[in-house]
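Proteins come first, then strands; the chains are lettered A, B, ... in the order of their sequence lines, and each starts at number 1.
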2 protein chains.
Amino acid sequence: MAQHDDSGRAADQVVHSIAERIRLGDLPDGQPLPPERDLMEEYGISRTVVREAVRTLSSRGLIEALPRHRPVVRKPGFDAAIDAVGSIVTHLLSEPGGVRNLFDTRIMVEAALARQAAQLATRDDIAALKEALEANAAAVEDSEEFYRTDNAFHGVLYQIPQNPVLPAIHRAYTTWLAPQWSQMPRLPERNRTNLGAHKAIYDAILMRDPDAAEARLRDHLSKAWAQVRETFGDV
Amino acid sequence: MAQHDDSGRAADQVVHSIAERIRLGDLPDGQPLPPERDLMEEYGISRTVVREAVRTLSSRGLIEALPRHRPVVRKPGFDAAIDAVGSIVTHLLSEPGGVRNLFDTRIMVEAALARQAAQLATRDDIAALKEALEANAAAVEDSEEFYRTDNAFHGVLYQIPQNPVLPAIHRAYTTWLAPQWSQMPRLPERNRTNLGAHKAIYDAILMRDPDAAEARLRDHLSKAWAQVRETFGDV
DNA sequence: TTTCCACGTTTAGTCATACCAAAACTGACC
DNA sequence: GGTCAGTTTTGGTATGACTAAACGTGGAAA
């Protein structure tokens with residue numbers, strides 16, 4: 001029996017093989033992976049290698065490996081992709097200008113979304129925006145809840161184009177920028193300011209005015225950024 | 001001595017610790033990781049765990065682990081992040097509508113970039129665009145070269161905002177969408193069409209007309225998409 | 001002196017075995 | 001039929017061993 005692989009990376013072949021089986025639906029979503037002992041027999045490898053393969057698959061986001069449970073196949077969605085980069089992004093954000101750069105892309109993306117919303121939003125989209133806005137308004141006194149509804153309002157913008165990539169990006173932004181936000185002082189006063197900004201954006205979309213929608217949104221996020229700067233200085 | 005960790009995931013702690021040391025510059029970029037034997041002693045763990053940790057760090061993109069070499073610390077750039085998701089994205093693109101969804105975000109992003117370019121491009125930016133356009137024009141008869149210069153032209157758009165995240169995104173798009181493109185028929189005729197589109201975009205930016213720039217760009221990429229559809233049908 | 005190669009020394013890759021503790025399963029008991 | 005205790009799996013880790021490739025060193029050759 002070939003005890004030693006020729007290429008020097010037997011684990012990678014197993015990773016590839018299992019990844020392929022997942023992609024082809026051979027290992028369906030939600031199903032637990034075969035036990036490590038079975039896999040070692042199946043591939044003719046030691047458990048060491050199996051474990052390394054499982055590890056890799058896990059950090060690639062193709063399986064979900066909770067501590068003492070059987071790894072579960074997780075057919076990756078766009079947000080699994082977001083998870084996979086989380087570690088790197090953390091590093092990047094800790095570098096000077098990192099947060100700024102990320103936030104700038106957020107401004108750019110949401111500006112484009114606001115513009116698109118003003119042009120293409122359906123009646124249902126507008127209704128969803130209105131609902132989110134009202135939920136946001138109802139929470140001005142509860143900063144915790146305001147934070148959630150604030151996010152939800154922005155989230156509606158990401159849903160309007162009906163592209164599943166976008167909500168994943170929204171989740172990425174909120175996840176990665178959360179550390180900054182969670183340390184910021186939350187005051188009903190600020191909530192009211194932000195609510196006003198949300199309403200302005202909503203109005204511009206309602207008026208089908210892309211330029212205004214973009215401008216209001218940029219203004220809103222730029223002010224949010226100014227608050228971050230106030231709290232953290234340069235980041 | 002505590003032979004078994006209480007949490008059930010000693011490796012993750014090691015991963016976190018080493019990641020932190022990399023982030024803080026304790027393990028500088030380009031330096032090889034300490035030998036596995038040293039790490040096991042340092043952390044008081046077995047080699048099994050060390051290896052799993054190294055594996056994880058590697059697939060997270062924080063170190064580069066060539067087959068039989070010492071893993072090398074690789075302070076991740078934005079494009080290391082792109083690598084990390086490659087595996088998942090492959091899966092996503094193989095599903096119906098996957099390529100379409102990704103390409104739509106590209107249209108959205110580049111539309112925003114074109115708009116921004118029309119508003120904010122400096123003289124140098126315009127010069128860079130012009131240069132890229134001329135290189136593109138010089139390559140109409142050489143489809144291979146035209147492909148490269150085409151990419152480069154779009155790449156300039158991603159460079160204008162001076163945000164390092166954006167070029168990484170451009171690389172991501174070209175990498176992930178390359179499989180489709182590389183199988184498409186390349187004809188000087190099509191090259192000329194695309195060149196004309198590029199020129200139209202350039203002109204709009206030169207005229208400082210954001211609406212026109214966005215419109216020309218959307219038109220350009222939509223036609224490119226139509227060609228993809230022609231070649232592959234629904235993807 | 002510089003270059004280059006043979007040699008011994010690390011070190012990553014893998015295997016085999018063993019143990020523990022937490023899950024998962026099974027069956028008896030209420 | 002539902003609950004709980006006991007048994008069997010299964011993941012997490014440790015230990016030791018062996019192979020082959022990479023590395024480092026010093027001496028021989030140019």
Side-chain angles (χ1 to χ4, degrees), chain A residues 1-19 21-22 27-74 83 87, chain B residues 1-19 21-22 27-74:
Chain A
M1 190 82 51
Q3 290 190 323
H4 297 90
D5 179 73
D6 45 290
S7 77
R9 286 153 295 126
D12 287 348
Q13 294 179 267
V14 177
V15 167
H16 185 270
S17 167
I18 295 180
R21 284 168 66 179
I22 292 176
L27 293 170
D29 191 27
Q31 180 175 303
L33 222 57
E36 296 178 356
R37 272 125 179 138
D38 289 7
L39 288 175
M40 50 184 285
E41 196 174 338
E42 180 176 344
Y43 287 98
I45 55 180
S46 75
R47 220 171 126 222
T48 313
V49 178
V50 172
R51 303 205 90 252
E52 289 193 18
V54 169
R55 266 259 157 191
T56 302
L57 288 167
S58 170
S59 51
R60 287 223 202 297
L62 275 66
I63 64 178
E64 190 154 12
L66 298 173
R68 283 224 165 241
H69 294 312
R70 295 271 288 283
V72 173
V73 173
R74 170 171 98 162
D83 292 353
S87 164
Chain B
M1 197 74 54
Q3 291 189 323
H4 297 89
D5 179 71
D6 45 290
S7 76
R9 289 151 297 133
D12 287 348
Q13 295 179 266
V14 177
V15 167
H16 184 270
S17 167
I18 295 181
R21 285 168 65 180
I22 293 176
L27 293 171
D29 192 27
Q31 179 175 304
L33 223 57
E36 297 178 355
R37 268 100 178 163
D38 291 7
L39 288 175
M40 52 185 285
E41 197 174 336
E42 181 175 346
Y43 287 97
I45 55 181
S46 75
R47 221 174 123 219
T48 314
V49 178
V50 173
R51 301 205 92 253
E52 289 193 18
V54 169
R55 264 262 154 189
T56 303
L57 288 167
S58 169
S59 52
R60 288 223 200 299
L62 276 66
I63 64 179
E64 192 154 11
L66 297 174
R68 282 219 165 248
H69 291 60
R70 294 271 287 283
V72 173
V73 173
R74 171 171 99 164

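Of the listed nucleotides (D:dT13, C:dA12, C:dC15), C:dA12 has the atom at the smallest distance from the side chain of B:Glu36. Residue B:Val49 places its side chain closer to D:dT13 than to any other of C:dA16, D:dT13, D:dG11. Across D:dA14, D:dG11, C:dT14, the shortest atom-to-atom separation from the side chain of A:Pro71 is found for D:dG11.
Partners of B:Glu36 according to the salt bridge (Lys or Arg N to Asp or Glu O under 4.0 Å) rule, which considers only residues two or more places apart in sequence or in another chain, are B:Arg47, B:Arg51. By the salt bridge (Lys or Arg N to Asp or Glu O under 4.0 Å) test, A:Asp29 pairs with no residue at all, sequence neighbours left out. Every residue two or more places apart in sequence or in another chain was checked for a salt bridge (Lys or Arg N to Asp or Glu O under 4.0 Å) with A:Arg37, and none qualifies. Scanning for salt bridge (Lys or Arg N to Asp or Glu O under 4.0 Å) contacts around A:Arg70 gives an empty result, with sequence neighbours left out.
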Contacts table for residues 57-66 of chain A: side-chain donor-acceptor under 3.5 angstrom, sequence neighbours left out:
from: A:Ser59; atom 1: OG; to: A:Arg55; atom 2: O; distance (Å): 3.3
from: A:Ser59; atom 1: OG; to: A:Thr56; atom 2: O; distance (Å): 3.2
from: A:Ser59; atom 1: OG; to: B:Ser59; atom 2: OG; distance (Å): 2.6

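For the segment residues 54-63 of chain B, no residue has any heavy atom less than 4.0 angstrom from an atom of DNA chain D.
The heavy-atom pair separating B:Pro71 from B:Val54 by the smallest distance is CG-CG1, 3.9 Å.
Side-chain nitrogen and oxygen atoms of B:Ser46 include at least one within less than 4.0 Å of the OP1 or OP2 phosphate oxygen of D:dA14.
Counting non-hydrogen atoms under 4.0 angstrom, B:Arg70 reaches the backbone sugars and phosphates but no base. Nucleic acid contact class of A:Arg47 (heavy atoms, under 4.0 Å, all strands): base.
Per the geometry, CD belonging to A:Glu52 stands 7 Å off P belonging to C:dG13, to the nearest Å. Taking atom CZ of A:Arg68 as the reference point, atom C1' of D:dT9 lies 12 Å away to the nearest angstrom. In this structure, B:His69 atom NE2 and C:dT11 atom C1' are separated by 12 Å, rounded to whole Å. Distance CG (B:Leu39) to P (C:dT11): 11 Å, rounded to an integer number of Å. The distance from atom CG of A:Asp38 to atom C1' of D:dG11 is 13 Å, rounded to the nearest whole Å. Rounded to whole Å, atom P of D:dT13 lies 19 Å from atom CD of B:Glu41. Rounded to an integer number of Å, the gap from B:Arg37 CZ to C:dT11 P is 8 Å. Atom P of nucleotide D:dT10 and atom CG of A:Leu33 are separated by 12 Å, given to the nearest angstrom.
Other residues, nucleotides and ligands contribute more than 12 heavy atoms inside 6.0 Å of the CD atom of A:Gln31.
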